[in-house]
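Remarks on the structure that follows.
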Amino acid sequence: AAPTDYQAETATISQGVVESNHAGYTGTGFVNYDNLVGSYVEWTVTAPAGPADVTLRFANGTTATRPLDWTVNGVSGAVGITYPGTGAWTTWATKTVRLQLAAGSNKIRARATTADGGPNADKLTVNPVSDDTTPPT
Ligand code: GCU
């Protein structure tokens with residue numbers, strides 16, 4: 001299967017708002033995390049069981065790195081992943097974490113861990129590692 005995109009603006013948002021004032025996003029907008037510890041975006045993702053490469057498209061127009069902790073179905077998957085400044089709020093970058101997913105529906109949450117909140121979040125792209133496997137010849 002191809003990688004699947006999940007927009008941030010249609011995910012579950014706690015302590016953040018959907019905005020569209022910085023160009024370059026996909027879909028209809030992006031999430032501006034509130035500037036506080038604990039704000040999060042949570043995507044519901046359908047996947048096969050096993051590892052998946054999970055890519056966040058983000059922008060950070062400051063010079064301060066904005067870390068996120070990642071959980072899957074409430075279980076820690078990746079801690080302290082850093083989202084550095086991208087130079088402008090209109091400059092979008094990607095960063096990938098590998099997470100272990102369950103078969104079927106998964107709640108993938110990216111939670112801010114500093115008072116700056118998270119980077120602006122455009123979308124998540126989920127690519128199960130099993131999809132990368134080249135069949136033996
Ligand atoms: C600015 C910017 C927002 C961003 C915010 C922040 O207000 O316009 O898009 O989310 O800074 O620092 O988080």
Side-chain angles (χ1 to χ4, degrees):
T4 304
D5 283 351
Y6 298 87
Q7 292 296 328
E9 63 271 25
T10 53
T12 298
I13 301 160
S14 177
Q15 300 182 109
V17 290
V18 175
E19 293 180 337
S20 56
N21 58 326
H22 300 302
Y25 55 82
T26 64
T28 59
F30 56 85
V31 172
N32 169 355
Y33 281 76
D34 289 353
N35 300 116
L36 46 79
V37 173
S39 50
Y40 69 78
V41 179
E42 183 178 87
W43 290 265
T44 302
V45 167
T46 302
D53 288 325
V54 174
T55 299
L56 180 66
R57 188 165 188 265
F58 71 98
N60 177 358
T62 76
T63 55
T65 289
R66 296 195 175 186
L68 296 173
D69 283 354
W70 292 83
T71 58
V72 180
N73 300 324
V75 176
S76 179
V79 171
I81 308 302
T82 54
Y83 299 86
T86 55
W89 291 112
T90 50
T91 300
W92 299 85
T94 58
K95 189 159 188 175
T96 301
V97 294
R98 185 163 286 188
L99 299 174
Q100 296 295 325
L101 303 184
S105 183
N106 293 266
K107 300 287 190 187
I108 300 181
R109 181 180 298 190
R111 178 183 183 274
T113 62
T114 73
D116 286 337
N120 286 352
D122 178 33
K123 67 173 178 176
L124 204 65
T125 301
V126 178
N127 191 21
V129 170
S130 56
D131 288 354
D132 295 340
T133 304
T134 303
T137 54

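Whatever order the structure lists them in is the order used to number ligands and atoms, beginning at 1.
Pairs of residues two or more places apart, or lying in two chains, that qualify as side chain to side chain donor-acceptor pair (under 3.5 Å) and include a residue from residues 12-25 are Glu19-Asn32.
Judged by the 6.0 Å distance and 45° axis criteria, Arg111 is not positioned over the aromatic ring of Tyr40.
Side chain of Asp122 to main chain of Phe30: no donor-acceptor pair is present (N/O by atom type, distance under 3.5 Å, no hydrogens or angles).
The heavy-atom pair separating Tyr83 from Pro119 by the smallest distance is CB-CG, 3.7 Å. Closest heavy-atom contact between Val41 and Ala11: CG1-CB, 3.7 Å. Across every non-hydrogen atom of Arg98 and Asp53, the tightest pair is NE-OD1, 2.8 Å.
Pocket lining of ligand 1, defined as residues with a non-hydrogen atom under 4.0 Å away: Glu19, His22, Asn32, Asn35, Arg66, Trp89, Asn120.
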